[in-house]
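Since the structure comes first, as structure tokens, the remarks are kept for the end.
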Protein chains: 2
Amino acid sequence: MTAARVRSGGRPTLEEVAARAGVGRGTASRVINGSPRVSAHTREAVEAAVAELGYVPNRAARALAGNRTDAIALVVPESESRFFAEPYFSDIVRGVGAALADTEMQLLLTLVGSDRERRRLAQYLTAHRVDGVLLVSVHADDPLPDLLEQLGMPAVMNGRRSADESLSSVDSDNFEGARSAVEHLASRGRRSIATITGRLDVYASQSRLDGYRQAVQDAGLEPDERLIAPADFSEEGGARAMRDLLARRPDVDAVFAASDVMAAGARQVLREAGRRIPDDVALIGFDDSAVARHMDPALTSVRQPIEEMGRTMTRVLLDMISGESADRAQIVLPTELVVRDSS
Amino acid sequence: MTAARVRSGGRPTLEEVAARAGVGRGTASRVINGSPRVSAHTREAVEAAVAELGYVPNRAARALAGNRTDAIALVVPESESRFFAEPYFSDIVRGVGAALADTEMQLLLTLVGSDRERRRLAQYLTAHRVDGVLLVSVHADDPLPDLLEQLGMPAVMNGRRSADESLSSVDSDNFEGARSAVEHLASRGRRSIATITGRLDVYASQSRLDGYRQAVQDAGLEPDERLIAPADFSEEGGARAMRDLLARRPDVDAVFAASDVMAAGARQVLREAGRRIPDDVALIGFDDSAVARHMDPALTSVRQPIEEMGRTMTRVLLDMISGESADRAQIVLPTELVVRDSS
DNA sequence: GCGTAGAGTGGGAGCGCTCCCATACGGTGG
DNA sequence: CCACCGTATGGGAGCGCTCCCACTCTACGC
């Protein structure tokens with residue numbers, strides 16, 4: 001029970017650690033922050049004091065003095081219910097968490113729904129409450145990315161707003177994912193391959209559609225705009241699109257849906273129309289979610305490396321924050337076609 | 001240097017706001033924190049200055065001076081993959097986010113996997129980096145709740161470790177959910193009703209099993225331990241349990257599984273055994289997840305108000321932090337049986 | 001011998017806020 | 001008229017840290 005330890009019940013401070021180690025506050029700070037300009041002997045003494053007192057640095061004081069927060073924000077648009085659907089959200093979070101595991105960084109989860117919250121978020125960032133921002137599910141007309149760029153706040157988005165995204169981004173290869181799915185359908189002898197797209201104001205949807213078109217062309221099939229049905233990522237939208245397709249091209253023998261949920265909607269309609277899957281119509285989804293695995297028949301789907309996207313985004317962001325890489329990164333991760341019974 | 005260092009000449013401070021409003025720092029602080037001891041005239045002047053300068057308080061300084069952080073942590077055991085499965089995680093987060101929406105509180109997401117991270121977490125809390133903690137998916141032998149209690153850190157858990165939980169908790173009515181499911185089966189004339197349980201070291205599993213037993217008794221059916229098959233919440237576990245049940249009691253005509261995922265495993269086995277659902281065997285799950293909605297036939301399931309649990313936990317925690325309610329709360333929210341085609 | 005460089009160190013000066021004591025001032029009662 | 005009180009206000013004293021300047025001591029060169 002040294003005098004220093006008695007200090008009114010609170011946690012030990014750097015000052016106390018320094019006193020116990022018989023060094024100055026500055027030196028203790030150097031040891032704790034891994035500065036090389038400390039003698040081995042001193043270092044040991046401080047480390048011993050830290051261990052004995054159970055010292056943990058006070059974050060607030062550090063943030064105030066050092067003008068940094070050691071925290072990054074994961075900004076999630078709550079309105080985007082698709083993002084919350086399995087497996088996206090949890091996998092991204094997992095990846096982010098994994099990349100953060102052996103850093104001192106904290107993860108702030110920020111749900112933005114209303115415009116009011118969006119404005120508040122801008123304040124957060126303006127007030128410099130975080131060192132960097134991870135953005136997911138950003139729409140083309142979202143003002144946030146530009147705001148961040150303006151503020152000079154390090155930021156990485158999941159997905160892109162367009163082909164020439166100005167912010168750093170980590171995306172999956174939507175084009176190739178779609179292309180490979182359609183190629184797979186063609187290779188199994190399907191001739192009238194349709195696609196159900198997501199909202200086309202989302203760049204990923206556009207890319208998937210482009211991939212579809214490419215594969216159709218590569219397979220020497222005849223392109224037909226009647227085989228392209230736009231939807232909105234919802235189950236009901238997928239069902240509606242499938243109905244349209246059946247009406248316009250009753251000879252359709254394969255469908256590539258840009259999400260598993262839309263595929264589920266399409267499946268329902270196909271069932272009701274008496275078309276067997278995959279005998280009459282083959283079906284492929286996108287996301288490789290639980291829905292795909294549990295569908296009957298099990299749905300062939302394009303898997304995105306979501307957790308890895310989360311990990312990669314985080315790593316890129318940490319590099320930006322530490323100043324190791326100032327330029328923006330544009331990373332595209334490969335997808336994988338998981339073939340099941342529906343194709 | 002780093003883009004993150006965008007200050008110094010940047011954000012206005014409280015001092016500047018005070019100067020502009022022609023008042024002292026103390027007074028400006030009072031206005032910003034809503035103290036009543038300020039004249040209306042002064043208040044207006046300060047508020048005008050805040051608006052003009054776009055002042056946002058510096059969190060770190062506040063935390064340091066006020067010895068609080070205005071942040072709560074959501075602690076998620078990463079190992080518990082079940083928690084990450086849809087819809088649990090996203091719904092809890094949604095609820096927490098909603099309850100936090102019009103507070104100044106930040107949400108820190110903390111994934112704890114390894115023991116190493118668990119120890120680090122204890123340090124976090126010890127260093128008082130958050131004002132309170134939300135715990136989800138806690139196991140009976142988890143040291144964290146006790147640690148929190150010892151530290152006097154406000155904490156609320158999702159679920160309970162036992163019937164007489166010492167921490168504040170918010171749970172769903174597992175007993176009644178299970179009971180109503182089994183009652184429903186009995187009311188449809190099922191006589192040999194089996195159950196597939198979750199891991200019995202989880203209190204929720206125990207409660208669901210108790211609910212099953214109660215309903216069996218209430219319906220005047222003959223209890224039979226051979227109708228009770230323990231599993232582990234996994235699909236494979238559900239399948240294995242179903243196989244056991246079929247072997248032990250081939251006459252089984254209904255199964256209540258303590259999770260949708262286990263029900264999916266059971267369904268697969270029933271199919272392979274040539275049992276029709278629901279004609280030969282009725283099936284009910286628990287969670288009302290996407291798996292249930294998309295199963296074929298669509299799965300009857302017990303819905304838990306997950307988002308509301310998240311909201312309630314957060315509200316209870318905020319009350320504890322503000323000191324409004326010092327005693328622990330034990331809240332149990334009702335479940336709902338969602339009847340679909342499988343029963 | 002002297003100067004000089006550099007490594008190692010101590011501690012002052014804040015960071016921007018909250019807390020709280022001191023002060024100013026107008027009323028009130030005797 | 002004075003003592004007294006309550007309300008509104010100003011500003012000092014930290015909170016625990018990082019940054020950085022100044023200082024001490026060597027070791028080395030000439």
Side-chain angles (χ1 to χ4, degrees), chain A residues 4 7-46 49-50 53-71 104 126-129 131, chain B residues 1-2 4-46 49-50 53-71 104 126-129 131:
Chain A
R7 202 191 128 273
S8 66
R11 306 268 85 239
T13 68
L14 185 58
E15 198 85 51
E16 286 161 23
V17 169
R20 174 153 197 137
V23 302
R25 181 167 29 78
T27 302
S29 174
R30 261 167 235 128
V31 171
I32 283 157
N33 292 290
S35 158
R37 319 182 82 64
V38 188
S39 71
H41 176 261
T42 305
R43 178 178 307 280
E44 278 165 32
V46 173
V50 165
L53 297 176
Y55 171 76
V56 181
N58 179 315
R59 272 202 173 229
R62 226 179 213 182
L64 183 58
N67 192 42
R68 70 199 156 108
T69 62
D70 286 344
E104 281 290 296
T126 307
H128 197 69
R129 285 180 183 168
D131 294 339
Chain B
M1 282 307 283
T2 316
R5 301 192 176 279
V6 202
R7 67 151 310 274
S8 185
R11 306 276 86 238
T13 69
L14 184 58
E15 198 86 51
E16 286 162 29
V17 169
R20 174 152 198 139
V23 302
R25 180 168 30 78
T27 303
S29 174
R30 259 167 236 128
V31 172
I32 282 158
N33 293 291
S35 159
R37 316 182 85 63
V38 189
S39 71
H41 176 261
T42 306
R43 179 178 306 282
E44 278 164 30
V46 173
V50 165
L53 296 176
Y55 171 75
V56 181
N58 179 316
R59 273 201 172 230
R62 227 181 211 177
L64 183 57
N67 195 39
R68 67 199 158 109
T69 62
D70 285 344
E104 282 289 297
T126 307
H128 198 70
R129 285 180 183 169
D131 294 340

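Worth saying up front: this structure is predicted, and the values here are computed from it rather than measured. Per chain, numbering begins at 1; letters A, B, ... match sequence-line order.
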Is any side-chain heavy atom of B:R11 closer than 4.5 Å to a side-chain heavy atom of B:N58?
no
Output the rounded distance in Å from CG (B:L14) to P (D:dT9).
15 Å
I want to confirm an ordering. Mapping B:L64 and B:V23 to their closest nucleotides on DNA chain D, which one lands closer to the 5' end?
B:V23
Side-chain contact check for A:R62: nearest option of D:dG16, D:dT9, D:dT18 is D:dT18
State whether A:S39 places a side-chain N or O below 4.0 Å from either non-bridging phosphate oxygen (OP1 or OP2) of C:dG8.
no
In whole angstrom, what separates A:N67's CG from C:dG16's P?
8 Å
Below the 4.0 Å mark, does C:dA7 have OP1 or OP2 next to a side-chain nitrogen or oxygen of A:R37?
yes
Within the pair A:N33 and D:dT18, is there a side-chain N or O less than 4.0 Å away from OP1 or OP2?
yes
5' priority, DNA chain C, between A:G24 and B:E15 [closest heavy atom]:
A:G24
Tell me what B:R25 touches on the nucleic acid: a base, only sugar-phosphate, or nothing, going by heavy atoms under 4.0 Å.
base
Output a table of nitrogen or oxygen pairs between the protein and nucleotides 21-28 of chain C separated by less than 3.5 Å.
none

Close side-chain approach of A:R129 and B:V56, heavy atoms under 4.5 Å
yes
In this structure, how many angstroms lie between the C1' atom of C:dC17 and the CG atom of B:D70, rounded?
12 Å
A:A21 to A:A45 - nearest heavy-atom pair and separation:
CB-O, 3.7 Å
In whole angstrom, what separates B:L53's CG from C:dG16's P?
14 Å
Spacing of B:I32 atom CD1 relative to C:dG16 atom C1', expressed in whole Å:
11 Å
Heavy-atom side-chain contact between B:R62 and B:N33 under 4.5 Å
yes
Considering just the side-chain nitrogens and oxygens of B:T27, establish if one lies under 4.0 Å of OP1 or OP2 belonging to D:dG10.
yes
Partners passing side-chain contact (heavy atoms from CB on, under 4.5 Å) against B:A65 (at least two apart in sequence or in another chain)
none
Quick one: B:R59 CZ to C:dC17 P, roughly how many Å, whole number?
13 Å
How far does OG1 of A:T27 sit from CZ of A:R43, to the nearest 0.5 angstrom?
11.0 Å
Five pairs at each end of the helix from C:dG1-D:dC30 to C:dG30-D:dC1: take the axis at both ends and give me the angle between them to 10°.
60°
Can you tell me how far CZ of B:R25 sits from CZ of B:R30, rounded to the nearest 0.5 angstrom?
10.0 Å
When you measure from the side chain of B:R59 to the backbone N and O of B:D70, does any donor-acceptor pair fall under 3.5 Å?
yes
Taking all non-hydrogen atoms of both residues, which atom of A:L14 and which atom of A:S29 are closest, and how far apart?
CD2-CB, 3.8 Å
What's the closest nucleotide to the side chain of A:N58 if the choices are C:dC17, D:dT9, D:dC17?
D:dC17
Drop me the distance from A:L64's CG to A:T69's OG1, to the nearest 0.5 angstrom.
12.5 Å
For a quick test of reading the model: is some side-chain N or O of A:S29 closer than 4.0 Å to OP1 or OP2 of D:dC17?
no
